[in-house]
Q: 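Provided herewith is a single structure, encoded as structure tokens, for subsequent inquiry.
As the structure lists them, so they are numbered: ligands from 1, and atoms in each ligand from 1. The basis for the numbers below is simple: all heavy atoms, side chains too, and nothing from hydrogens, waters or symmetry mates. Computed from a predicted structure; not experimentally measured.
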Amino acid sequence: MSLIKFIEFKNLGDERGNLVSFEENKNIPFDIKRVYCIYATKDNTVRGLHAHKTLKQVAIAINGCCKFILDNGLNREEAILDTPTKGLLIDSCLWREMHDFSDDCVLMVLASDIYDESDYIRDFQRFIEAVY
Ligand code: TYD
């Protein structure tokens with residue numbers, strides 16, 4: 001089973017332009033407790049490099065594009081985010097790395113909980129030990 005799970009958001013646009021909507025427990029499969037954005041990312045930056053014990057997230061490239069690697073300790077897969085109509089569902093216990101951000105990339109992340117550093121696993125070896 002693929003680690004890459006996309007959610008397709010309907011484009012509600014019309015002749016005036018595009019519109020997408022994100023609703024908790026409708027097209028986003030959890031309560032949205034937090035929204036954060038990553039933007040103006042410097043060239044050659046790799047972000048993420050962690051897993052979460054319980055947090056679920058949906059990542060959406062609101063502008064521009066970036067690449068996501070997801071790793072469950074067994075398999076590593078890559079996804080490209082390049083449109084606001086596509087969200088990457090990132091379940092808990094997945095190692096993630098984001099890279100190849102375009103200069104204009106605005107990556108919006110919807111999260112199932114508020115920020116909690118104790119939910120992070122920031123060491124890959126510790127992540128492997130936690131999932132096995
Ligand atoms: P971090 O999650 O490490 O970024 P990355 O996306 O590269 O994994 O977050 C960077 C810093 O910002 C870290 O000090 C924690 C802080 N932070 C918050 O305070 N609130 C948040 O919602 C997030 C995502 C990060």
Q: Considering distance alone, does some N or O of Y115 sit under 3.5 Å from an N or O of ligand 1?
A: no
Q: Decide whether an N or O pair under 3.5 Å exists between I38 and ligand 1.
A: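 No - when backbone and side-chain N and O of I38 are compared with those of ligand 1, no distance drops under 3.5 Å.
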Q: Is the side chain of E8 donor-acceptor paired with the backbone N or O of K86 at a distance under 3.5 Å, no angle test?
A: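 Such a contact is absent between E8 side chain and K86 backbone.
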Q: Short N/O distance, under 3.5 Å, between R47 and ligand 1?
A: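 Min N/O separation from ligand 1 is below 3.5 Å for R47.
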Q: Under 6.0 Å from the ring centre and within 45 degrees of the ring axis: does the NZ or CZ of R76 meet both conditions for the six-membered ring of F124?
A: yes
Q: Within a distance under 4.0 Å of any heavy atom of R34, pick out the atoms of ligand 1 and give their elements.
A: 21 (C), 22 (O), 23 (C), 24 (C)
Q: State whether K33 and D31 are salt-bridged, where the test is any N-O pair (Lys NZ or Arg NE/NH1/NH2 against Asp/Glu carboxylate O) under 4.0 Å.
A: no
Q: Can a protein heavy atom be found under 4.0 Å away from atom 21 (C) of ligand 1?
A: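 Yes; the ligand atom in question has protein heavy-atom contact below 4.0 Å.
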Q: Without swapping roles, check the side chain of R96 against the backbone of H50 for a donor-acceptor pair under 3.5 Å.
A: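 Yes.
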Q: Taking 4.0 angstrom as the limit and counting only heavy atoms of R122, give me the atoms of ligand 1 inside it, by number and element.
A: 1 (P), 2 (O), 3 (O)
Q: Could you say whether the N/O atoms of Y36 and ligand 1 ever approach to under 3.5 Å?
A: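 No: no nitrogen or oxygen of Y36 is under 3.5 Å from one in ligand 1.
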Q: Between the side chains of D119 and K53, is the shortest nitrogen-to-carboxylate-oxygen separation below 4.0 Å, so that they form an ion pair?
A: no
Q: Which heavy atom of the protein is the closest neighbour of atom 8 (O) of ligand 1, given with residue, atom name and distance?
A: H50 CE1, 2.8 Å
Q: For ligand 1, is R96 a contact, meaning one of its heavy atoms is under 4.0 Å away?
A: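 Judged by the 4.0 Å heavy-atom criterion, R96 does not count as contacting ligand 1.
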Q: Students should be able to answer this: which protein heavy-atom is nearest to atom 2 (O) of ligand 1, and at what distance?
A: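 Minimum-distance protein heavy atom for atom 2 (O) of ligand 1 reads Y120 OH, 2.7 Å.
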Q: Looking only at atom types and distance, does a side-chain atom of Y132 sit under 3.5 Å from a main-chain N or O of G73, one as donor and one as acceptor?
A: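 Present.
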Q: Are any of the protein's heavy atoms under 4.0 angstrom from atom 14 (O) of ligand 1, yes or no?
A: no
Q: Regarding K56 and the six-membered ring of F30, is the cationic atom NZ or CZ under 6.0 Å from the ring centre and inside 45° of its axis?
A: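 Pair K56/F30 does not count as cation-pi.
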Q: Taking the six-membered ring for Trp and the full ring for Phe, Tyr or His, determine whether the centres of Y115 and Y120 are under 6.0 Å apart.
A: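 Yes: the rings meet the under 6.0 Å criterion.
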